[in-house]
J.: 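There's a structure below that I have some questions on.
Sequential numbering from 1 along the given sequence is applied to the chain's residues. For the numbers below, each heavy atom of this structure counts, side chains included, while hydrogens, waters and symmetry mates do not.
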Amino acid sequence: MFDVYKTGQIQASAGTEFGGTTTITGDQVMTYRSDTNQCLGVVGADYQVMQPSDVRSLVEQVTGSDKVDTHWDGRTMITQAPFTKMLLPGEDEVISNFTVVNSFNGGTSLSGMGCSFRMFCSNQLSLAFKQAGNSLYRIRHNGDWDAKVVAFNKAAVNVRQQQVVFAEEVRALVSREMSKETLNDLWSSLSPYVLDITGEEEDRDKDLTKLNAFHQSIRHTFEEEEAKGAPATMWLAANAVTKFVQHSVAKKGRKTDDNRRFVNNTIGRGARTTNEVMRVALASL
């Protein structure tokens with residue numbers, strides 16, 4: 001793992017027909033990697049760095065686990081480790097993690113949150129579905145940094161409290177059995193949150209193709225997991241949809257690497273859509 005440092009004030013030189021000039025920014029510096037000297041971003045001079053090693057230490061402290069995973073997509077770093085797990089009917093295992101999101105280009109605040117990892121379909125879920133994008137604590141990389149970090153560390157210890165809410169919501173979804181009719185109703189109600197459907201008459205054929213592919217994919221996932229022993233419940237039905245959200249190919253067929261997908265499914269559009277799917281599922285109980 002690398003460290004991150006800041007340069008001095010950025011200088012730029014330019015040549016004109018009247019001679020050379022040098023411009024110095026008064027309030028901007030660059031952040032860069034210690035191992036490659038690669039520039040990570042341009043930030044304000046008062047930007048404070050939270051080193052990857054410090055984040056790792058915090059995650060280990062909160063979870064009591066040394067099974068720390070780090071995902072880095074070149075802009076955002078996500079570090080997490082497990083602290084609890086739930087065993088659901090059909091050996092459907094859900095592991096809860098303490099997760100810290102960090103960046104070095106001013107793109108995101110330093111954020112700590114609870115996430116879960118569902119073993120059957122490898123989905124990332126917020127620990128509290130009702131609070132979409134739920135964040136335990138979030139601080140900006142400037143100001144009274146030392147005091148902020150102390151408060152952040154104290155707040156991080158309370159992440160386990162989210163597990164209670166999360167467990168209640170999961171149990172409610174698991175206890176709701178689904179028939180073929182209720183399955184179709186749920187999936188139809190969720191499709192607008194997942195698919196880019198215009199509803200325009202000229203796009204009717206495209207919309208129908210998207211809907212058919214969506215229903216075919218999630219029904220395949222549902223039946224596949226049901227065959228493994230997972231009961232036919234609202235939990236399984238909702239997770240079939242979130243698997244489609246988190247594992248489908250990007251727009252225009254572009255493939256994405258694992259780290260970029262992980263970041264997207266933890267804090268990006270994939271995470272927001274996943275939380276919306278779970279919110280609708282809970283509201284339909």
J.: Using only atom types and a distance under 3.5 Å, with no angle test, would you say the side chain of N264 pairs donor to acceptor with the backbone of R260?
T.: no
J.: Applying salt bridge (charged side-chain N to carboxylate O under 4.0 Å, His left out), can you list everything that pairs with D35, at least two apart in sequence or on another chain?
T.: R33
J.: Taking all non-hydrogen atoms of both residues, which atom of R160 and which atom of T63 are closest, and how far apart?
T.: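 It is NH2-O, 3.5 Å.
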J.: If you define the side chain from C-beta out and look only at heavy atoms, does anything of F166 sit under 4.5 Å from V94?
T.: yes
J.: Once you round to the nearest 0.5 Å, how far does CG of N123 lie from NE2 of H247?
T.: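 NE2 of H247 is found 4.5 Å from CG of N123.
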J.: E93: which residues meet the salt bridge (charged side-chain N to carboxylate O under 4.0 Å, His left out) condition with it, sequence neighbours left out?
T.: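 E93: salt bridge (charged side-chain N to carboxylate O under 4.0 Å, His left out) contacts with K85.
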J.: Determine whether a donor-acceptor pair (N or O, by modelled atom type, separation under 3.5 Å) exists between the side chain of T76 and the backbone of W72.
T.: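 Side chain of T76 to backbone of W72: no pair is present.
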J.: Roughly how far, to the nearest 0.5 Å, is OH of Y193 from CD of E276?
T.: 5.5 Å
J.: Within a reach of under 6.0 Å around CD of E202, are more than 12 heavy atoms found that belong to other residues, nucleotides or ligands?
T.: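 Atom CD in E202 is packed in, count exceeds 12.
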J.: Side-chain donor-acceptor pairs under 3.5 Å in residues 211-220, sequence neighbours left out?
T.:
from : atom 1 : to   : atom 2 : distance (Å)
N212 : ND2    : L208 : O      : 3.3
R219 : NH2    : N184 : OD1    : 2.7

J.: Mark yes or no for whether K6, through its side chain, and V29, through its backbone, hold a donor-acceptor pair below 3.5 Å.
T.: no
J.: Any donor-acceptor pair under 3.5 Å linking the side-chain atoms of D46 with those of W145?
T.: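 The answer is no; no qualifying pair exists.
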J.: Are V174 and L87 co-members of a hydrophobic cluster defined by side-chain heavy atoms under 4.5 Å apart?
T.: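 No, L87 and V174 fall in different hydrophobic clusters.
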J.: Name the one of T70, T266, T99, D69 that satisfies side-chain hydrogen bond (donor to acceptor under 3.5 Å, both in side chains) with Q80?
T.: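 Only one option passes, and that is T99.
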J.: Determine whether more than 12 heavy atoms belonging to other residues, nucleotides or ligands lie under 6.0 Å from atom NZ of K228.
T.: yes
J.: Before accepting this row, confirm whether a basic side-chain N of the pair R171/E168 lies closer than 4.0 Å to the acidic partner's carboxylate O.
T.: no
J.: I need the S111 OG to I78 CD1 distance, nearest 0.5 Å.
T.: 10.0 Å
J.: Measure the CZ-OG distance between F262 and S122 for me, rounded to the nearest 0.5 Å.
T.: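 Atom-to-atom, F262:CZ and S122:OG are 10.5 Å apart.
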J.: Do any N or O atoms from the side chain of T209 and from the backbone of D205 form a donor-acceptor pair under 3.5 angstrom?
T.: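 Pair found, side chain donor or acceptor close to backbone of D205.
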J.: Does atom CD of E177 have more than 12 heavy-atom neighbours, drawn from other residues, nucleotides or ligands, at distances under 6.0 Å?
T.: no
J.: Within this structure, what is the CG-CE distance for the pair N37 and M30, rounded to the nearest 0.5 Å?
T.: 10.0 Å
J.: Which residues pass the side-chain hydrogen bond (donor to acceptor under 3.5 Å, both in side chains) test with Q48, sequence neighbours left out?
T.: none
J.: If the condition is side-chain hydrogen bond (donor to acceptor under 3.5 Å, both in side chains), which residues does T274 pass it with, not counting sequence neighbours?
T.: Q246
J.: Between N275 and A271 (side chain of the first, backbone of the second, donor and acceptor by atom type, cut-off under 3.5 Å), is there such a pair?
T.: yes
J.: Classify the side-chain pair S188/S191 by whether it contains a donor and acceptor separated by less than 3.5 Å.
T.: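 There is no such pair between these side chains.
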J.: Report yes or no: do Q163 and S96 form a side-chain donor-acceptor pair below 3.5 Å?
T.: yes
J.: Please check if the side chain of N102 supplies one atom and the backbone of M50 the other of a donor-acceptor pair under 3.5 Å.
T.: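 Answer holds: yes.
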J.: Check the hydrophobic clustering (I, L, V, M, F, W, Y; side-chain heavy atoms under 4.5 Å; chains of links allowed) and say if V4 and Y32 are grouped together.
T.: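 Hydrophobic grouping puts V4 apart from Y32.
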J.: Are M1 and V49 in one and the same hydrophobic cluster, where Ile, Leu, Val, Met, Phe, Trp and Tyr link if side-chain heavy atoms are under 4.5 Å apart?
T.: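 Linked, M1 and V49 end up in one cluster.
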J.: Can you list the residues that meet the salt bridge (charged side-chain N to carboxylate O under 4.0 Å, His left out) rule with R56, with sequence neighbours excluded?
T.: E60
J.: Would you compute the distance between atom CZ of F98 and atom CD of Q61 and round it to the nearest 0.5 angstrom?
T.: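 Answer for the CZ-CD pair, F98 versus Q61, is 9.0 Å.
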J.: Over 60° means perpendicular and under 30° means parallel, so classify the ring planes of F2 and F104, tilted if in between.
T.: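 It falls in the perpendicular class, over 60°.
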